Amino acid sequence: MIAALTGFTQRPVTANGISINAVTGGAGPPILLLHGWPETWWEWHKVMPLLAERFSVVAIDLRGAGFSDCPQGGYDKATMARDAHATMVALGHEQYAVCGHDIGGMVALAQAALHRDAVTHLAVLDVPLPGWSQWQATVARLWHFGFHMNRDLPERLIQGREYDYIAAFMAERFYDHSRFDPGDVAVYARAMALPGRLRGGLEWYRALAADHAAALTYKQRPLAIPVLGLGGDARFGAQMVPMLEEFAETVSGGAIAQCSHYVADERPDAVAAALIEFVARG
């Protein structure tokens with residue numbers, strides 16, 4: 001079964017030389033939603049109907065995930081940002097807000113830095129960012145970064161066990177386990193089991209050294225647009241604003257109470273309300 005959301009349309013869009021799966025709905029100023037690992041656009045399914053009351057919402061599967069293409073290369077976040085920007089242009093949105101969570105937050109930062117005439121607002125949710133002064137020290141404490149960066153070994157250990165790995169991985173990063181839905185895990189596991197998608201998602205991590213070098217150059221020209229940083233108070237919430245202040249002139253946000261890493265799953269109402277208020281503020 002393909003995950004579908006009432007009121008939204010799912011279709012392939014040719015962007016940056018590949019096919020990107022885009023899910024669209026709503027009306028108003030455009031906002032692009034970029035998911036993290038090990039999720040797909042479905043990460044946002046609780047947030048999208050709330051945003052669609054005010055915005056033209058676009059959620060995509062990143063290169064290497066879901067029903068988007070998974071080519072052999074191009075998993076540096078600058079290339080993935082070009083995918084996302086080209087998708088928005090193909091959909092008729094020359095200017096837009098972008099919100100990314102986890103790896104999607106890394107892509108969103110690159111997108112704002114590389115497409116300054118297009119991105120009007122940037123929101124980054126619960127992720128350490130390449131280029132941050134604490135990047136290397138933080139990554140050294142996160143076991144899965146080193147594991148996922150290994151060549152071939154993660155594929156051999158995870159393939160055929162996608163549901164088990166994703167369920168354990170995500171449960172470790174939930175604050176309120178009453179919000180943990182095994183049905184969502186099944187959506188992500190089915191997507192990861194598609195040919196090439198496990199490798200594609202792991203390539204996001206294998207490109208992080210290049211991403212760090214690129215992000216250091218972004219800091220040389222701080223972003224002038226409004227920037228929002230949010231995270232769970234049990235994860236990166238306290239770090240989001242000071243981290244983003246290294247990249248941008250005007251940053252707001254902070255921690256979402258009683259929440260861990262998967263903020264859109266655990267606290268969709270809070271995430272949607274924060275995004276609506278942030279974009280409306282101008």
Side-chain angles (χ1 to χ4, degrees), residues 2-16 18-36 39-63 65-69 80-125 187 223-230 252-253 263-265 267-282:
I2 297 174
L5 190 59
T6 301
F8 290 82
T9 301
Q10 187 166 184
R11 57 174 160 155
V13 175
T14 300
N16 198 25
I18 66 172
S19 178
I20 294 291
N21 184 48
V23 183
T24 59
I31 185 168
L32 171 64
L33 305 175
L34 303 176
H35 65 88
E39 299 180 292
T40 66
W41 74 268
W42 187 250
E43 168 179 350
W44 304 103
H45 74 279
K46 297 176 185 176
V47 174
M48 291 165 67
L50 303 175
L51 295 181
E53 297 174 6
R54 300 280 296 272
F55 301 107
S56 294
V57 179
V58 180
I60 67 172
D61 287 335
L62 294 170
R63 170 186 296 240
F67 289 104
S68 290
D69 281 350
M80 294 171 71
R82 294 184 185 100
D83 296 344
H85 173 68
T87 301
M88 293 300 280
V89 172
L91 292 171
H93 303 306
E94 297 290 337
Q95 290 190 307
Y96 52 87
V98 59
C99 172
H101 167 246
D102 187 76
I103 297 289
M106 301 179 188
V107 177
L109 174 64
Q111 196 165 347
L114 296 172
H115 301 284
R116 293 174 185 254
D117 292 337
V119 177
T120 62
H121 299 74
L122 167 66
V124 179
L125 309 185
V187 170
L223 297 171
I225 59 172
V227 174
L228 177 70
L230 292 175
S252 60
V263 292
D265 299 89
R267 299 291 303 278
D269 291 349
V271 169
L275 289 173
I276 291 168
E277 192 275 332
F278 170 61
V279 177
R281 196 164 65 227

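Residues take their numbers from the sequence shown, with the count starting at 1. As the structure is a prediction and not an experimental result, all values here were calculated from the model.
Scanning both residues, Gln95 and Pro30, for their nearest heavy atoms gives O-CG, 3.1 Å. Scanning both residues, Thr120 and Ala97, for their nearest heavy atoms gives OG1-N, 3.6 Å. Scanning both residues, Trp44 and Cys99, for their nearest heavy atoms gives CH2-SG, 3.9 Å. The two residues Phe67 and Asp61 have their closest heavy-atom pair at N-OD2, 2.9 Å. Minimum heavy-atom separation, Gly36 to Glu43: N-OE1, 2.9 Å. The minimum heavy-atom distance between Phe8 and Ala52, with the atom names listed, is CZ-CB, 3.7 Å.
Considering only residues two or more places apart in sequence or on other chains, Asp83 meets the side-chain hydrogen bond (donor to acceptor under 3.5 Å, both in side chains) condition with Asn16, Arg63. Applying the side chain to side chain contact (heavy atoms under 4.5 Å, CB included) rule to Asp102 yields the partners Trp37, Tyr205, His261; only residues at least two apart in sequence or on another chain are considered. A search for side chain to side chain contact (heavy atoms under 4.5 Å, CB included) contacts involving Thr87 returns Val13, Ala15, Ile20, Ala22, Ile60, Leu91, not counting sequence neighbours. Checked against side-chain hydrogen bond (donor to acceptor under 3.5 Å, both in side chains), Glu53 has no partners two or more places apart in sequence or in another chain.
Once rounded to the nearest 0.5 Å, the distance linking NE2 of His45 with CG of Leu33 reads 13.0 Å. A distance of 11.0 Å separates CZ of Arg54 from CD1 of Ile31, quoted to the nearest 0.5 Å. Atom OG1 of residue Thr24 and atom CE of residue Met48 lie 8.0 Å apart, to the nearest 0.5 angstrom. In this structure, the separation between CG on Leu62 and CG on Asp69 is 13.0 Å, given to the nearest 0.5 Å. The distance from atom CD1 of Ile18 to atom CZ of Arg82, rounded to the nearest 0.5 Å, is 12.5 Å. In this structure, NE2 in His35 is found 13.5 Å from CG in Leu125, a value given to the nearest 0.5 Å.
Contact check for Met106 versus Ile103: side-chain heavy atoms found under the 4.5 Å cut-off. No side-chain heavy atom of Leu34 sits under 4.5 Å from any side-chain heavy atom of His101.
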Name each donor-acceptor pair under 3.5 Å that joins a side chain in residues 275-282 to protein atoms two or more places apart or in another chain, with its distance.
residue	atom	partner	partner atom	Å
Glu277	OE1	Arg281	NH1	2.5
Glu277	OE2	Arg281	NH1	3.0
Arg281	NH2	Ser252	OG	2.8

Show me the donor-acceptor pairs within less than 3.5 Å that the side chains of residues 109-116 make with the rest of the protein, sequence neighbours left out.
residue	atom	partner	partner atom	Å
Gln111	NE2	Tyr96	OH	2.9
Arg116	NE	Ala113	O	2.9
Arg116	NH1	Arg221	O	3.2
Arg116	NH2	Arg221	O	2.8

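Of the possible donor and acceptor atoms, none in the side chain of Ser19 sits under 3.5 Å from a partner among the backbone N and O of Thr14.
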